[in-house]
Every structure is written in C-alpha cells, then in structure tokens.
Amino acid sequence: MSSLPSSKQISNLDGKAQKLFDLSYDATNQCVQCGYCLPACPTYESMGKESASPRGRINLVKMAAEGKIDIQQDLAEPIDLCLGCRACEVACPVGVPYGHILESAKEVIAEKQAEEKQFPFGDKVKSILLSSVFPYPKRLRFVGNLTRFYQSSRLNKVIRKGKIIDKISEPMAQMEKILPLLEAPAKRNKWGTTIPAKGETKASVAFFAGCIMDAMMYRTNRLTIELLTSIGCEVIIPKTQNCCGALHAHQGMMKQAKEMAKRNIEAFERSGADYYINNAGGCGAMLREYDHLLVDDASWYERAKEFVNKSRDISEMLVQYGPLPFKKEWQGMITYQDSCHLRNVQGVHQEPRLLLKSIPGATFIEMEGSDRCCASGGIYNLLHFEESMKILDAKMENVKKTKAATIVTANPGCLLQMRLGTERQGTSDQVQTLHLVEVLAEACELQ
Amino acid sequence: MEKHVLEEIKQIVSEERIFLNLAERYSYSYDASFGEYLPEIAVQPISAEEISQLVKLANKYRIPVYPRGAATSLSGGPLPVKGGMVLDMTRLNKKLVIDRENLLAIVSPGVITADIHKKAEEAGLFYPPDPSSSNVSTIGGNLLENSSGPKGLKYGTTKEYVIGLEVVTPTGEIIHTGGKTVKNVTGYDLTRLIVGSEGTLGIVTEAILRLIPKPQARKTLLASFDRLVDSGHAITHILSAGVLPSAMELMDNACIRAVENFSPSGLPLDAEALIIVEVDGHPTALKEEIKRCESICLQAGATNVRVAQNEEERMSIWKARKMVSPAITQIGPTKISEDATVPRSQIPAMMERLKEIRETYQLNLVVFGHAGDGNLHPNIITDKRNIEEMKRVEDAVSEIFEAAVSLGGTLSGEHGIGTLKAPYMEMELGKDGLMMMKKIKEAWDPHNILNPGKIFPEHGQTKVVLTS
Ligand SMILES: Cc1cc2nc3c(=O)[nH]c(=O)nc-3n(C[C@H](O)[C@H](O)[C@H](O)COP(=O)(O)OP(=O)(O)OC[C@H]3O[C@@H](n4cnc5c(N)ncnc54)[C@H](O)[C@@H]3O)c2cc1C
Ligand code: SF4
Ligand code: SF4
C-alpha cells in the first residue's frame, strides 16, 4: 500500500488533532462499521443512540482526527461516557483495538483541556485525586485509616441518620453506605517482606498490592496472601511498587501512567519471583498491557513484555496450583459478576467460576448478562451517576432472578458497585457482595 | 435547519429523541458500506403516529427523510446522501409477539432479527431468513433489503415470510397491507412491493411474519476440491439429484487462506475451493441424503469429504465459513462487498470471469457465498485512501456487474442497490423496465421525500464512484 496519504495530506489540522491522527487514525480505519459490537455495549443499550456505541465512538475519533469535529466540544462527551469495559473489543470480528483508540482520545482530550484550562468542577476533583493521592501509597493508606476510624466510631451512624451526607450529594451519599469495613492497621503485612509458603514451596510469587485494594480492602489482600501460601507459594511484597496507573491512563494522563509502569517493572524485577500476582481485575488489565503502554520506549519494551508474561490474576494461580484446602461447607447460592477488565482484557472468566464451583456445598448459579459491565467503570459511577445507575439497576434485576445470597466479584470497583446495587434495591441485608478471595478464604476457614 | 421547522418537530417528538449537535449527526452519517453524508437532524421516533406527522412535515418543507435500522447495509441504503432527516428506527422495538396458533410473529421494525429467531425457537417454531448480520440488524432493515442468508436456498428470502405490514407512506398516511392470512389475493400485493424497496416507498412500522415448524435435525459436510469447476459441478449435481440442502456455501482459495491465517481451523490450504452442504429434516431421511451428497462430491472429484459426526463438529465447519468475513478484512482496511447473482448453472462460468477480473486489475478479489442459489460474494479488499487502486476497483466492479448480467444474472442477490449499484440499474432492467419502477416511485412519493438518491441513478451516472 504505497500511496497511503500521510497525515500531511489532511490540511489545517491543529496540533492536538494532528496528535490524535498520529496516535489513532490507522486504528480507527480498521473499523469496517459492521456494527457487530453494538449488542455488546452497555452504554449503547442504556442510552440507545449511535454516539454512545463503540462504532459511533470510533467514528467520532476518526472525525476528530480528520479535523471535522472539535476535540473538546464534540468528542469529549461521547468519549467520557464510555465505561471502558472493552466488551466491544471482544465482540469485534476484525480486532479493532478499541482500548488503544479510547486511550488515545482521552490523552488528547486531557491535554486539550489542560491547555484551555477548562476544568469543570468534577474534573478538578478527579485531577486532584489522580495527581496527589493515587500515586502515593502512604497518602492512600492514610485515607483508608481515616475511613476506618470513621466507620468504627459511632460517627457514621449519626451522620447516616441525620442524612447530612444525603443532602450534600446523592452519589457521595450512596457511596458512603457501601465502603468496606477496614482492618486495624496493625494487621497489615509490611511492604518489603517475604511470607513463606506453608509446606513445600512450589513457586515464588510477587504480590501486587494495588493502591485502592491496599488502602481500603486490605483484608482481601491479606487473605490473598494466605491463600497463596496455603497452596505452596512463597509471597514477596515488593517494597517500591506503586499504583498500576490505570486510573491515570483512563483519564488520559499517559505520562504519569508510563512513569508508574516503569517503577513497578523495576520493583517486581528485583523480587526475582516466578509470577507477579494481583487480585484486582482493573489493575491486572493495566499491568498486562504495560507492553502496549511502553511500546515506543525501546529500552523498556522488552522488560515490559517479560513483566506481562509473568503477570497473573489470583484466580489463575489458585487453579494452576490448587486445590485449595477447603475446610467447611458453604451455605446458599453464589453468583458471579465478571470484572470487565479481567474478562475482556485478560481473558480470565473460567477460573473464578471453576473455583466457586469447587467450594464444598456451594451452588453456583450463572446470572444472565454476568459478562456485561456493572457500570462502575473506575470512577465512572461518581462522574456519571445517573447513566451508571441506569445500567446497574437493570443488572440488579438479573441478580434478583438468580435468587443468590452471595454476589462474587473480582475487582474492588465492581464490588463496591454491586454492593451499591443491593443497597438501592433494598436487599443489602439478604444479599452479601464479596471478593472472590474472601469467599474462598472463608471456605478454607482463614480469618 | 430552520428554527420554525425545528419548533414543529419538537411538537411531534420529545426533545431527548432529537439530535442536532455535530457529533450526534456525524454518528448517523455512515453505514457498513461506503461514503459519509452529514444529515441536518436525526430523530428517534417511537410510534407510527410520530412518523406519520414527521413525514407530513417533511413533505411540507421538502426535507429528505432517511429511515435507518442498525446501519449494517452494504449498499448505502440508510445513508443521508441529500442531508435532511435521519429516522433512527431502533427505538421502535417494543413489540415481538409469537402467535403459536397461527404460526405468526408480529414485530416492531426496530426488533433485532436474532431476537425473533430466539423467540420463535422457544415456541418450537422457526423463522428461516438468516443474514449473517442477524445479531445486529433490525427486522425493518431485513424487510426493506429483502435480506437472506445460507438458508435462502431451501427456505427462500425474507419476502417469503412477510404477509402483512403497517406502513407510513411517503406522504404520511398510515396504511395496512396484507394481513394475518397466508393466502390473500385482494388487490395488488403491496406487501411484496414494499419488501425490498429499500425505504423508498414507505416506512414500515409493524410487520406480520410467517413462521414454520422447526426442522427436527440437520447434517453437515465439508468437501474440498483441487479444481474450482469440480466444486461447481458437485453443486449442480446435488441439486439435480433431487436433494434440496438447507444450505450450500462456497469458499475460494483466497478465502481459505485468509481464514487459516486469521484463525487456524485445519482447512486444506492447497484446495482451490471448499463447499459446505447442510441438509435438514427428519433424522432418518437425513442419513440417506447426506450420504448421497457425500458420494456426489467424491464423484465430482472432491479430494476430501468430512461429514460432521456431532454438533461440535458441525459448529466447527460453520465457524470456518463465519470467519470468512472478518478474516478477509485483515488483508486491507476497505472491503467492497458485491453480491452479484447468477443462475446456478452459470456458477462455474462466473467463477472463471471473476478470476479474469482479478488478474486484469491486479486486485485482492476473493469469492465466497451461497453457491446453491448462485448468490456469490465477490469481495475486493483494498484501501480507500489509495486513490490509484480505488480507480481500478471502480472498473473491476463495473465489470463484475456486466459479467453477472450477461450470464443471465442480477446485480444484487441480497444486499440491495442503494447508492453503490444505482448506476447499473439500466444495464439490467433496460430503459423501459427502469422507467416503470420510476413511475411507481413518483406516484407514491410525488415530492421525492423518502430516501432520495437511492436505487435510481442520478442523471448521467453510469459507473460507481468510490473516490472523492
Ligand atoms: C458483516 C455483515 C454481514 C452481512 N451479511 C448479510 C447476509 O448474509 N445477507 C444479507 O442479505 N445481508 C447481509 N448484510 C447486509 C445487511 O445486514 C442487511 O441488508 C440488513 O438487512 C440491514 O439491516 P439494518 O437494520 O442494518 O438496516 P439499515 O442498514 O439501517 O437499512 C437498510 C435499508 O432499509 C431501510 N430501512 C431500515 N428500516 C426501515 C423501516 N423500518 N422502514 C423503512 N425503511 C427502513 C433503510 O433506509 C435502508 O435503505 C450484512 C452486513 C454486514 C455488515
Ligand atoms: S468500552 Fe464498553 S462502554 Fe465503551 S464502547 Fe466499548 S462496550 Fe461500550
Ligand atoms: S469496532 Fe469492530 S465490531 Fe464494531 S463496527 Fe467496527 S469493525 Fe464492526
């Protein structure tokens, strides 16, 4: 194909449109507009218009790259309303790299917004969180500890009763109800330590703690480590690891995301472990795409590829090195809600189901649409509360039909979202929402 | 769009179903074929009444109206080539009723085809038309393109299953055609006129479809041939032996290699052609029939025949066929899909002509399709940004149509005329034939409001133009 037009043939592109063109134009042209992705897209289903579909979004990125529409005025909103669940990528028969197109668009939109200093209020909060809290594990742990204090004191009841928070803002109020109970700081494993395997050592693994998991769901992290040691894995917690960078990449802050990736690669290489284990679908997806992220960086690309090769979700590891030492019978029915990033990006959907089915006494029931996004989408549910709740409420109807008493997820965002779903449905006292690891640990009588 | 017109539209349709901003309008500017046209406005009606009022308004202000289903058309059917108003029909999708007693389905036009398949199947019934896009396409789009798939060979195309319609005419009246009876000779058969009219004669707002009992079982085989002509003979011999397969599909060597490259399925890379034959019906009769097909293939020179022994093997045979479309797009970003159709007996001759065209124009021309009914899919894989190559594609496309028509065939077996084949209409129909169709259009749609720019060539247009 010798006479492809170079970008120069599209005249009058401004700097950002040119950048978008360079980053994504070829990828958008892979789309043959067949529409096969439409039925897979949760936002197309809930909003019912082409611009909220994958085919529509890809076309709009192409239009922006051609300079036909404005990045800020026309492209930003439809892109912002995408959940990033990437179900479209799995459905696409020709393998259009939607994730790449999305992230390119977000990057250019973010730059343009910074340039024009047009930060709507929500974006300001987002930006402060992303640049001043998530990159620093200590700060996040501090937030976590604060939350714990708030929950264990009687303060939360007072605030809930008085509906003070409800009055401030609906989304924040609903979120407040679903925050997980935190463990006392004393129970935490220190970063930099190595926890020996129980019995014979079959493999050495390095554990990725994840910023949100580590701050707010530390118990799940601790139980993950205990499950790993119980099947013969020695667990190292690399000291200098940091946030995976997913939240940044999803908000278009690519430079920061790349820096974080490099720091993580270094930290895990130093551990010398056979596998790098994580327990959050969203982080795992990011970790497993470090090679794409660093593809233009010759000195890092090979290291990133090696990192990706060694990365595993906890469920894959437990299936590979299991069986788990189950100790007690499970009561009641269990259903599983896929984490999109675990399923669509990492291709892991069998393992969690296999593990749940292997629990003695458990009845596993598949939920209709379990493979469809719950619309937590990172912080989508905070930024687009109404759109998100529309999708969630529809999902909760499916949950109801399963009659399950336990909803299992494999990602903190999904977990909080599903818990929110039960709150909204008024079933939170009958239906518990747990991380896969929590369920398995309980069946193994790990506390 | 003028302000007062817009105000009137807002009186008809609530505002959240009216799209005016640039991003939304660009989202209704394309389909799965070629070209990009920006409408002035897009509207999502949810009832026949709304559509009737919108069409009346469009007549008053002479606004072109473009009905659009899922926009999977391969011929430019829903493209708003003259701007105006796109009617996105996907929200008119609430009704899907299966009437078991009368073997009918009553559906809204925005219902997804596969949902009808599913619902019918749940009731032990069968809606045969099976375009491969059925998971996405709307039944409205299927009706207006008269779509079909592999099963067309035995069961016919969409039009065989439509017995009644509710239609908003191009002047905005709501009419009913046909009814709930399979037999109906009262007056002109307007149902059949509307079906396949590509949205130029009316907007379908409800349809009554005929269902049939579900076949009890099916059997499938895959045969490979070293010579293309042999596969052609196998196909004609099976049909003349009195077996009517439910599907008979053909793939040429370029397709085989594309599929193997895309998703290895163990197909013979050196075979010049593959055919898939499926028979359905009563289990005991099937055993006989598939055996007959097998031996006919071998007699015709098949180098290998594989009969699926179970459902899993059957699915794997069909997977190879389903992979063709995605696999060939890996060869290049732009796919020009044609569906010129010839009488069955001319399949070998058509294949020969296609081979010559490929060589003359040096293009990636691959051929697959529903060989049993002569409906071939020559696809040219190219890159629309390569202007020089696109010029050659234009010439090759013209020659494909000429070949089909000269062999007694037709421009399109199932994808429709739209914008892409309009220039060739006179070649197939003759001046007078085309004129009769035009008169019908003019009588129904005096102001040329509904889907203008389709089917009929623009003045002086004799050839497809793919370069701008
Ligand atoms: C990958 C792929 C595979 C395909 N395979 C096949 C196949 O095997 N067989 C086949 O026949 N086709 C096939 N097609 C073509 C296409 O899917 C069909 O033509 C389908 O019927 C179009 O349906 P749609 O809902 O997308 O309609 P659209 O493309 O949106 O519209 C099609 C036409 O119908 C009109 N229209 C839509 N709804 C209405 C309505 N309610 N009232 C009036 N007019 C209306 C439009 O104006 C347009 O002219 C394929 C397409 C793709 C992309
Ligand atoms: S990522 Fe999810 S929400 Fe976004 S376009 Fe794809 S399927 Fe739709
Ligand atoms: S992204 Fe893939 S599935 Fe969706 S329209 Fe484009 S080519 Fe088709």
Residue, of B:Leu74, B:Leu22, B:Thr72, B:Ile328, that accumulates the most heavy atom pairs under 4.5 Å with chain A: B:Leu22
Which atoms of B:Lys322 approach chain A - backbone, side chain, both or neither, heavy atom under 4.5 Å: neither
Cationic N near anionic O, under 4.0 Å, A:Asp26 to B:Arg385: yes
Residues of residues 110-122 of chain B with any heavy atom under 4.5 Å of a heavy atom in chain A: none
Shortest non-hydrogen contact from A:Asn59 toward B:Tyr26: ND2-O, 3.3 Å
Whether B:Gln44 side chain and A:Gly48 backbone form a donor-acceptor pair below 3.5 Å: yes
A:Lys403, NZ: over 12 other non-hydrogen atoms inside 6.0 angstrom: no
Side chain, backbone, both or neither of B:Ser134 within contact of chain A (heavy atoms, under 4.5 Å): neither
Side-chain donor/acceptor of A:Glu50 to backbone N/O of B:Glu24, under 3.5 Å: no
Straight-line distance of B:Asn21 CG to A:Glu77 CD, nearest 0.5 Å: 7.5 Å
Under 4.5 Å from a heavy atom of chain B, the part of A:Arg57 involved: neither
Structural part of A:Asn29 lying under 4.5 Å from a heavy atom of chain B: both
Residue part contacting chain B, namely of A:Ile69, when any heavy atom lies under 4.5 Å: both
Residue pair B:Tyr28, A:Lys49: steps toward the side chain to side chain contact (heavy atoms under 4.5 Å, CB included) verdict: CA-CA 9 Å; B:Tyr28 292 101; A:Lys49 54 180 186 180; 3.8 Å; yes
Flag side-chain contact, heavy atom, 4.5 Å: B:Asn135 against A:Tyr36: no
Candidate pair A:Gln33 and B:Asp31, rule side chain to side chain contact (heavy atoms under 4.5 Å, CB included), full reasoning: CA-CA 7 Å; A:Gln33 305 188 319; B:Asp31 65 4; over 6 Å; no
Toward chain A, the part of B:Thr90 with a non-hydrogen atom under 4.5 Å: side chain
Residue A:Glu368 excluded, over 12 heavy atoms near CD under 6.0 Å: no
Pick from B:Asp88, B:Thr334, B:Thr329, B:Leu38 with the largest number of heavy-atom pairs that fall under 4.5 Å of chain A: B:Thr329
Pair B:Glu36 + A:Lys68, salt bridge at N-O below 4.0 Å: yes
Region of B:Arg68 that comes under 4.5 Å of a non-hydrogen atom in chain A: side chain
A:Cys34 to B:Ala32 - nearest heavy-atom pair and separation: CA-CB, 4.1 Å
